[in-house]
Amino acid sequence: MNARPSFRAQVLQAREDAIVDTVNRLLAEKGFDAMTVDLVAAEVGIAKASLYKHFASKEQLAAAAMVRVLDRALAFMAGPDCAGADALERLKAVARWTLQVQLAGQMPSLPAQNSTLRGALMADRVYMDRLLQLSEQLGEWIGEAQQGGQLHPGLPGEVVLYTLFARACDPVLGVLKAGGSYSDAQIIDWLLMSCFEGLGAPAARPRKGR
């Protein structure tokens, strides 16, 4: 039987959760470059020194936010939305989920070119473990979909994988949302269509009775 965490441990965990939630929101709203440790501390309502007791750097804050999102993604993939569906439908469900998370302002935005951040992420064992789990599961589903003729067999699996990862930070989503002409459901459906069906016109269907 596991011992119940002490009150102090519970307080520290609650503070850490609040920090990560705040970082996640700020990364989604402002991006990594505009987010500062001072801003995070101010938003959480703690001293900067207290924040550093949990996370030693801005990069560690970003890594913690990414771990949180990866954990959510893995939980979704193991849940009922992906159960019983074929490989392609599972991939579509995950892509839809990432778009919904982004629209909800809960998807961290990290720069693609930042050697310090990239090094910190690669050195974070928890982050790398979660990323590997996610990549392996998606890679397995991609392989199944290609073998079943549901995805183009000539595309390398990593190309499909990185294309799905790109949906999590697709700028088109924000542009269409800001325009106000379409509902969230329409935006998501169209982006999924462009991702999985392409931009070409569907093949003409033969007319009945001929």
Side-chain angles (χ1 to χ4, degrees), residues 1-82 93-138 161 164-171 173-174 177:
M1 185 174 181
N2 296 329
R4 184 178 180 181
S6 67
F7 178 73
R8 174 177 171 76
Q10 293 179 56
V11 170
L12 290 175
Q13 185 60 55
R15 180 190 293 171
E16 186 167 305
D17 289 341
I19 292 171
V20 176
D21 287 344
T22 299
V23 170
N24 192 93
R25 177 174 56 79
L26 291 174
L27 286 174
E29 292 176 356
K30 301 177 178 294
F32 181 77
D33 293 332
M35 185 191 78
T36 65
V37 175
D38 291 287
L39 180 58
V40 174
E43 291 274 343
V44 177
I46 61 175
K48 188 175 178 180
S50 297
L51 188 149
Y52 277 129
K53 292 179 181 179
H54 296 271
F55 301 98
S57 67
K58 178 179 174 179
E59 289 75 21
Q60 284 191 10
L61 288 169
M66 289 305 301
V67 167
R68 177 72 60 82
V69 170
L70 290 172
D71 279 340
R72 290 181 61 194
L74 289 166
F76 175 83
M77 292 165 67
D81 290 279
C82 293
V94 174
R96 179 180 295 277
W97 178 84
T98 63
L99 294 173
Q100 291 171 338
V101 172
Q102 189 180 351
L103 274 176
Q106 299 171 352
M107 185 65 70
S109 177
L110 301 181
Q113 303 297 327
N114 184 309
S115 58
T116 302
L117 175 60
R118 184 169 59 251
L121 290 175
M122 294 183 67
D124 191 298
R125 297 179 64 179
V126 178
Y127 167 78
M128 292 302 297
D129 176 67
R130 300 295 193 278
L131 182 61
L132 182 61
Q133 288 183 52
L134 183 71
S135 299
E136 287 182 343
Q137 182 63 83
L138 288 175
L161 177 64
L164 292 176
F165 281 159
R167 297 286 71 76
C169 52
D170 193 337
L173 195 72
K177 175 72 172 179

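We count residues from 1, following the sequence as given. All values derive from a computational prediction rather than experimental measurement.
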Chemist: Set out, in order, the CA-CA distance, both residues' side-chain angles and the distance that settles side chain to side chain contact (heavy atoms under 4.5 Å, CB included) for N114 and R118, then state yes or no.
Modeler: CA-CA 6 Å; N114 184 309; R118 184 169 59 251; 5.8 Å; no
Chemist: Are the side chains of L12 and R15 in touch, meaning some heavy atoms are under 4.5 Å apart?
Modeler: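 Side-chain contact under 4.5 Å: yes.
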Chemist: Between C82 and V94, what is the shortest heavy-atom contact and its length?
Modeler: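 Heavy atoms only, the tightest pair is SG-CG2, 4.2 Å.
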Chemist: Any non-hydrogen side-chain atom of Q133 less than 4.5 Å from a side-chain atom of L70?
Modeler: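 No. Closest side-chain heavy atoms not under 4.5 Å.
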Chemist: If you measure from CG on N24 to OG on S109, what distance do you get to the nearest 0.5 Å?
Modeler: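 Between N24 CG and S109 OG, I get 11.0 Å after rounding to 0.5 Å.
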Chemist: Side chains of E136 and L132: closer than 4.5 Å at any heavy-atom pair?
Modeler: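 Of all side-chain heavy-atom pairs linking L132 with E136, at least one is under 4.5 Å.
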Chemist: Mind checking the CD-CD spacing from Q106 to Q100? Nearest 0.5 Å is all I need.
Modeler: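 One finds 10.5 Å between CD of Q106 and CD of Q100.
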Chemist: To the nearest 0.5 Å, how far apart are CG in L99 and NZ in K177?
Modeler: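 Answer for the CG-NZ pair, L99 versus K177, is 12.5 Å.
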Chemist: Nearest heavy-atom pair of F165 and S135: which atoms, and what distance?
Modeler: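 For F165 versus S135, the nearest heavy atoms are CZ-OG, 3.6 Å.
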Chemist: Nearest 0.5 angstrom please: R72 CZ to W97 CH2, how far?
Modeler: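 If I round to the nearest 0.5 Å, the distance is 5.0 Å.
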Chemist: Please name the pair of heavy atoms, one in A62 and one in L27, separated by the smallest distance, quoted to 0.1 Å.
Modeler: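 Looking at all heavy atoms of both residues, the shortest contact is CA-CD1, 4.1 Å.
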Chemist: What distance separates L164 CG from T98 OG1, expressed to the nearest 0.5 Å?
Modeler: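 One finds 8.0 Å between CG of L164 and OG1 of T98.
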Chemist: Can you give me the closest heavy-atom contact between A65 and V23, atom names plus distance?
Modeler: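 Closest pair (atom of A65, atom of V23, distance): CB-CG1, 3.9 Å.
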Chemist: Go through it in stages, so that I can follow the logic: the residues are L138 and M77, the test is side chain to side chain contact (heavy atoms under 4.5 Å, CB included), and I'd like the CA-CA distance, side-chain angles, deciding distance and then a yes or no.
Modeler: CA-CA 9 Å; L138 288 175; M77 292 165 67; 3.8 Å; yes
Chemist: Work out which heavy atom in A28 is nearest to a heavy atom in G105; give both atom names and the distance.
Modeler: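 Taking A28 first and G105 second, the nearest heavy atoms are CB-O, 3.3 Å.
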Chemist: Nearest 0.5 Å please: distance from the OG1 atom of T116 over to the CG atom of L121.
Modeler: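 If I round to the nearest 0.5 Å, the distance is 11.0 Å.
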Chemist: Would L51 and V44 satisfy side chain to side chain contact (heavy atoms under 4.5 Å, CB included), going step by step from the backbone distance to the final call?
Modeler: CA-CA 9 Å; L51 188 149; V44 177; 5.5 Å; no
Chemist: Determine, stepwise, if the pair L39 / K30 fulfils side chain to side chain contact (heavy atoms under 4.5 Å, CB included).
Modeler: CA-CA 11 Å; L39 180 58; K30 301 177 178 294; 3.8 Å; yes
Chemist: Taking 4.0 angstrom as the limit, do D71 and R68 come out as a salt bridge?
Modeler: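 Salt bridge: no.
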Chemist: For the pair K58 and D33, find out whether any cationic side-chain nitrogen is under 4.0 Å from an anionic carboxylate oxygen.
Modeler: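 Result for this pair is no, no salt bridge flagged.
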Chemist: Please indicate whether M122 has more than 12 foreign heavy atoms, meaning atoms of other residues, nucleotides or ligands, lying under 6.0 Å from its CE.
Modeler: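 Not more than 12 within 6.0 Å, no.
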